[in-house]
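First the structure, in the form of C-alpha cells, and then the observations on it.
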Amino acid sequence: MTNTRAIGIYRALFRLYPRRFREEYGADMALLFEAQLRDESAGRVWARGLVDLAITVPAQHLEAHVNRPPNPAIPTVFAALSITGLLMTGLGGTNLGMFGFGLVIAVVSGVLAVASWRRTRAITADRPASAHWWKLVAGGAGVLIATIVAVNVTGEVPEGWWLPMMLTFLAAITTTVAGLILGIARLSAHRPGHAT
C-alpha cells in the first residue's frame with residue numbers, strides 16, 4: 001500500500017472523531033501519520049494508529065457530549081415545581097395528603113433545582129428562554145384562570161375529572177412560576193451597573 005493511499009484511509013477513519021475535534025486537529029494528525037509512515041514500518045504505524053483511534057474516539061465523543069452548553073431550563077423547571085409544591089402545601093389546608101404530597105414535591109424539586117443549577121451557568125438576558133418569559137406567565141395564568149372558571153361554571157368537578165383537572169391546575173401554576181423566575185432573571189440582568 002502506498003503512503004498516499006494509507007493517508008487517505010487514515011483520513012477516512014479520522015471521520016469517526018467529533019467534527020469539532022476533526023476541524024481542530026485533523027490536519028496535524030494526518031501530517032504526523034504521514035511523517036511516521038516515512039520513518040517507521042507501515043505495520044507498526046498502523047497498529048499504533050488503530051489503538052489510538054480505538055481509545056481516543058470514544059473519549060472525544062464523551063468529552064464533546066459532556067462539554068455541551070448546559071440548559072438553564074432544567075433548574076428553572078425544578079425551581080418552579082418546588083414553588084408549586086409549596087403552594088400545594090398552603091392550598092391543602094387541613095388535608096394531610098395534599099400537604100404531604102406538596103411537601104414531597106417541594107423538597108425533591110428543590111434539591112434537584114439546586115443540583116442542576118450548580119451544573120449550569122446563570123440564567124442571563126441573552127438566553128432565548130429568558131426573552132420569552134412573559135409567554136410562560138401569560139400561558140400559565142390563562143390556563144389557570146380557564147381552569148378556575150370551568151370549575152366555577154360547572155359547580156362541581158365531574159366524576160373521573162378531578163385528577164386531570166388538578167394536573168392541569170398544577171401545570172398552569174408551574175408554568176406561571178417558571179415564567180416569573182425567568183422574568184426576574186431577565187429584569188435583574190438589565191439593572192443599571194449589572195455586568196452581563
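This is a predicted model, so every value here is computed, not measured.
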F101 atom CZ, neighbour heavy-atom count above 12 within 6.0 Å:
no

Taking the side chain as C-beta and beyond, is there a heavy-atom pair between R20 and Q60 under 4.5 Å?
no

Report the C-alpha separation of W46 and I9 in whole Å, then their side-chain angles, then the decisive distance to 0.1 Å, and conclude whether the side chain to side chain contact (heavy atoms under 4.5 Å, CB included) test is met.
CA-CA 11 Å; W46 272 110; I9 292 170; 3.6 Å; yes

Minimum heavy-atom separation for L16 to V57, with atom names?
O-CG1, 3.5 Å

Does R44 have more than 12 heavy atoms from other residues, nucleotides or ligands lying within 6.0 Å of its CZ?
no

Residues L180, V137; criterion side chain to side chain contact (heavy atoms under 4.5 Å, CB included); working and verdict:
CA-CA 6 Å; L180 290 172; V137 172; 3.9 Å; yes

Can L31 be reached from L53 by stepping across I, L, V, M, F, W or Y side chains whose heavy atoms are under 4.5 Å apart?
no

Hey, are the side chains of M29 and Y10 touching, using non-hydrogen atoms and a 4.5 Å cut-off?
yes

Is any side-chain heavy atom of L37 less than 4.5 Å from a side-chain heavy atom of E40?
no

Can you tell me how far apart CG (L87) and OG1 (T174) are? Round to the nearest 0.5 Å.
9.0 Å

Restricting to non-hydrogen atoms, name the atom on S109 and the atom on S82 that form the minimum distance, rounded to 0.1 Å.
CB-N, 3.5 Å

Are T175 and V143 close enough that some pair of their side-chain heavy atoms sits under 4.5 Å apart?
no

Could you tell me which non-hydrogen atom of V177 sits nearest to which non-hydrogen atom of A80, and how far apart they are?
CG1-CA, 3.7 Å

For R22 against F14, the heavy-atom pair lying closest together:
CD-O, 3.2 Å

Can L144 and I173 be said to form a side chain to side chain contact (heavy atoms under 4.5 Å, CB included), step by step?
CA-CA 7 Å; L144 191 62; I173 292 173; 3.8 Å; yes

E24 side chain near Y17 side chain, heavy-atom distance below 4.5 Å:
no

Which heavy atom of I7 sits nearest a heavy atom of E34, and at what distance?
CD1-CG, 3.2 Å

L136 vs T176, test: side chain to side chain contact (heavy atoms under 4.5 Å, CB included). Steps then yes/no.
CA-CA 6 Å; L136 293 172; T176 305; over 6 Å; no

